[in-house]
Amino acid sequence: MKPHPIQNACGDVGKLANRLIHGDCIEVMQSLPTGSMDFILTDPPYLVKYQSRDGRSIMNDDNDRWLLPAFEEMHRVLKDNSFCISFYGWHKVDRFMDAWKRVGFRPVGHFTFIKHYASSQSFTQFAHENAYLLIKGNPDRPQKAPRDVMPWGKYTGNKLHPTQKPVEPLGALIEAYTVPGALVLDPFSGSASTAVAARSKGRAFFAIEKDPAYYGIAKKRLFADA
Ligand SMILES: C[S@@+](CC[C@H](N)C(=O)[O-])C[C@H]1O[C@@H](n2cnc3c(N)ncnc32)[C@H](O)[C@@H]1O
């Protein structure tokens with residue numbers, strides 16, 4: 001297979017800090033050294049053919065071909081005895097759980113984020129989000145374990161991305177499961193909310209986004225003042 005163009009640059013782990021890469025996360029992660037990431041916080045496609053009210057869609061939300069290889073690479077590049085937190089499409093929790101377990105992750109916690117508004121309505125009003133806490137190996141328990149129910153924070157208005165996550169709860173998770181200076185990976189970065197949260201907590205980020213439109217938005221958001 002042809003190496004990804006960043007392959008050489010990524011030989012040195014120090015060079016991985018605060019990078020935003022435009023590309024397919026599976027290919028990009030294949031170019032990363034094993035055990036090079038301290039923590040993963042990610043919000044992958046939900047496998048529901050998502051369409052926002054204003055007609056925006058998400059790349060790869062209509063298929064699960066990426067699911068196993070992407071989590072296989074996430075497990076490989078994550079340091080031993082470390083944490084990965086993944087949002088997921090609740091309709092397809094079986095597919096996500098199957099992939100996580102097959103690659104070697106163990107679920108050890110489940111977060112519920114309470115919204116003060118409903119993002120849509122069907123048989124219920126949708127007023128929460130969920131994410132699983134997964135482990136590779138046997139990490140130490142955090143000094144102060146966070147509650148597994150927390151506020152979602154302010155509605156972002158989804159101005160930068162149709163499923164834009166608020167920075168506050170992401171920051172709380174990063175703070176709980178990493179130490180200052182840690183390198184946080186988000187392979188499905190969207191508008192770079194995880195990277196912004198990592199930076200706000202004094203951690204470094206490595207973010208990957210495939211859609212050129214969202215990569216452009218993320219680049220502006222992260223580096224506009226640089
Ligand atoms: C649910 S969204 C993430 C939104 C993000 N949390 C935010 O706050 O903006 C998932 C993102 O993964 C991207 N994506 C889908 N397949 C990908 C792939 N193979 N490699 C990299 N990014 C991908 C999509 O373009 C989309 O922006």
Side-chain angles (χ1 to χ4, degrees), residues 1 4-6 19-32 37 39-74 76-77 84-93 95-96 99 103 111 113 115 119-120 126 129-132 152-174 184-200 205-223:
M1 193 186 12
H4 190 275
I6 67 159
R19 302 277 304 266
L20 170 69
I21 307 291
H22 179 215
D24 185 291
C25 67
I26 300 166
E27 289 172 23
V28 175
M29 286 190 286
Q30 280 167 348
S31 73
L32 298 176
M37 298 290 151
F39 178 61
I40 299 173
L41 174 54
T42 195
D43 178 27
Y46 312 127
L47 309 178
V48 294
K49 298 193 176 90
Y50 178 85
Q51 269 238 311
S52 64
R53 270 172 269 179
D54 58 6
R56 289 177 291 173
S57 55
I58 298 177
M59 195 181 268
N60 274 332
D61 207 67
D62 60 350
N63 76 85
D64 68 358
R65 289 186 295 277
W66 52 271
L67 182 60
L68 196 61
F71 277 98
E72 225 157 38
E73 281 305 311
M74 282 187 242
R76 186 185 65 79
V77 301
C84 166
I85 295 179
S86 181
F87 290 87
Y88 63 94
W90 61 265
H91 318 63
K92 299 290 163 62
V93 60
R95 304 247 193 107
F96 282 92
V103 305
F111 293 102
F113 305 91
K115 294 177 174 174
S119 49
S120 84
F126 294 4
E129 298 275 341
N130 288 127
Y132 269 99
W152 187 232
K154 267 201 297 212
Y155 176 47
T156 62
N158 295 335
K159 292 186 196 100
L160 302 176
H161 191 286
T163 63
Q164 188 182 337
K165 301 282 174 282
V167 169
E168 296 77 16
L170 305 182
L173 297 173
I174 290 169
V184 177
L185 169 68
D186 185 355
F188 296 98
S189 161
S191 63
S193 306
T194 297
V196 170
R199 189 162 65 183
S200 76
F205 61 83
F206 190 95
I208 310 165
E209 173 55 43
K210 185 170 188 172
D211 186 318
Y214 297 127
Y215 167 75
I217 287 169
K219 193 171 166 196
K220 216 165 144 191
R221 190 178 184 193
L222 287 169
F223 303 119

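All ligand and atom numbering here is 1-based and tracks the order in the structure.
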May I ask you to identify the nearest protein heavy atom to [atom], giving residue, atom name and distance to one decimal place in Å?
atom: atom 11 (C) of ligand 1; result: Glu209 OE1, 3.6 Å
atom: atom 10 (C) of ligand 1; result: Asp43 O, 3.3 Å
atom: atom 8 (O) of ligand 1; result: Ser193 OG, 2.6 Å
atom: atom 27 (O) of ligand 1; result: His161 NE2, 2.8 Å
atom: atom 9 (O) of ligand 1; result: Ser191 OG, 2.7 Å
atom: atom 22 (N) of ligand 1; result: Lys210 N, 3.2 Å

Q: Go through the steps to decide whether Phe111 and Glu129 satisfy the test side-chain contact (heavy atoms from CB on, under 4.5 Å), and finish with yes or no.
A: CA-CA 8 Å; Phe111 293 102; Glu129 298 275 341; over 6 Å; no
Q. Which salt bridge (Lys or Arg N to Asp or Glu O under 4.0 Å) pairs, counting each pair once, include a residue from residues 44-61, with sequence neighbours left out?
A. Asp54-Arg56
Heavy-atom contacts under 4.0 Å between [X] and ligand 1: side chain, backbone, both, or neither?
X: Ile58; value: side chain
X: Phe188; value: both
X: Tyr46; value: side chain
X: Met59; value: both
X: Asn60; value: side chain

Which atoms of ligand 1 are found less than 4.0 Å from any heavy atom of [X]?
X: Pro45; answer: 15 (C)
X: Gly23; answer: 20 (N), 21 (C)
X: Asp211; answer: 25 (O)
X: Pro187; answer: 21 (C), 22 (N)
X: Asp24; answer: 19 (N), 20 (N)
X: Pro44; answer: 1 (C)

Does [X] reach ligand 1, in the sense of a heavy atom lying below 4.0 Å from it?
X: Ala218; value: no
X: Ala70; value: no
X: Thr163; value: yes

Less than 4.5 Å apart, any side-chain heavy atom of [X] and any of [Y]?
X: Thr194; Y: Asp43; value: no
X: Phe205; Y: Asp186; value: no
X: Val77; Y: Leu185; value: yes

Using distance alone, determine whether [X] and ligand 1 share an N or O pair under 3.5 Å.
X: Lys165; answer: yes
X: Tyr214; answer: no
X: Gln164; answer: no
X: Cys25; answer: yes

Q | Donor-acceptor contact below 3.5 Å, side chain Ser31 vs main chain Val28 | A | yes
Aromatic centroids of [Y] and [X] separated by under 6.0 Å:
X: Tyr132; Y: Tyr88; value: yes
X: Phe188; Y: Trp66; value: yes
X: Phe87; Y: Phe113; value: yes

Q. Under the criterion side chain to side chain contact (heavy atoms under 4.5 Å, CB included), which of Ile21, Asp24, Ile26 is the partner of Lys210?
A. Asp24
Q) Looking at CD of Glu209 and CE of Met59, how far apart are the two atoms once the value is rounded to the nearest 0.5 Å? A) 7.5 Å
Q: Look at Glu168 together with Lys154 and state whether they make a salt bridge at an N to O cut-off of under 4.0 Å.
A: no
Q. Please walk me through it: do Val184 and Phe206 pass side-chain contact (heavy atoms from CB on, under 4.5 Å)?
A. CA-CA 6 Å; Val184 177; Phe206 190 95; over 6 Å; no
Q.
Quick one, Ile58 with Tyr46, criterion side-chain contact (heavy atoms from CB on, under 4.5 Å). Give me CA distance, side-chain angles, the key distance, then yes/no.
A. CA-CA 9 Å; Ile58 298 177; Tyr46 312 127; 4.2 Å; yes
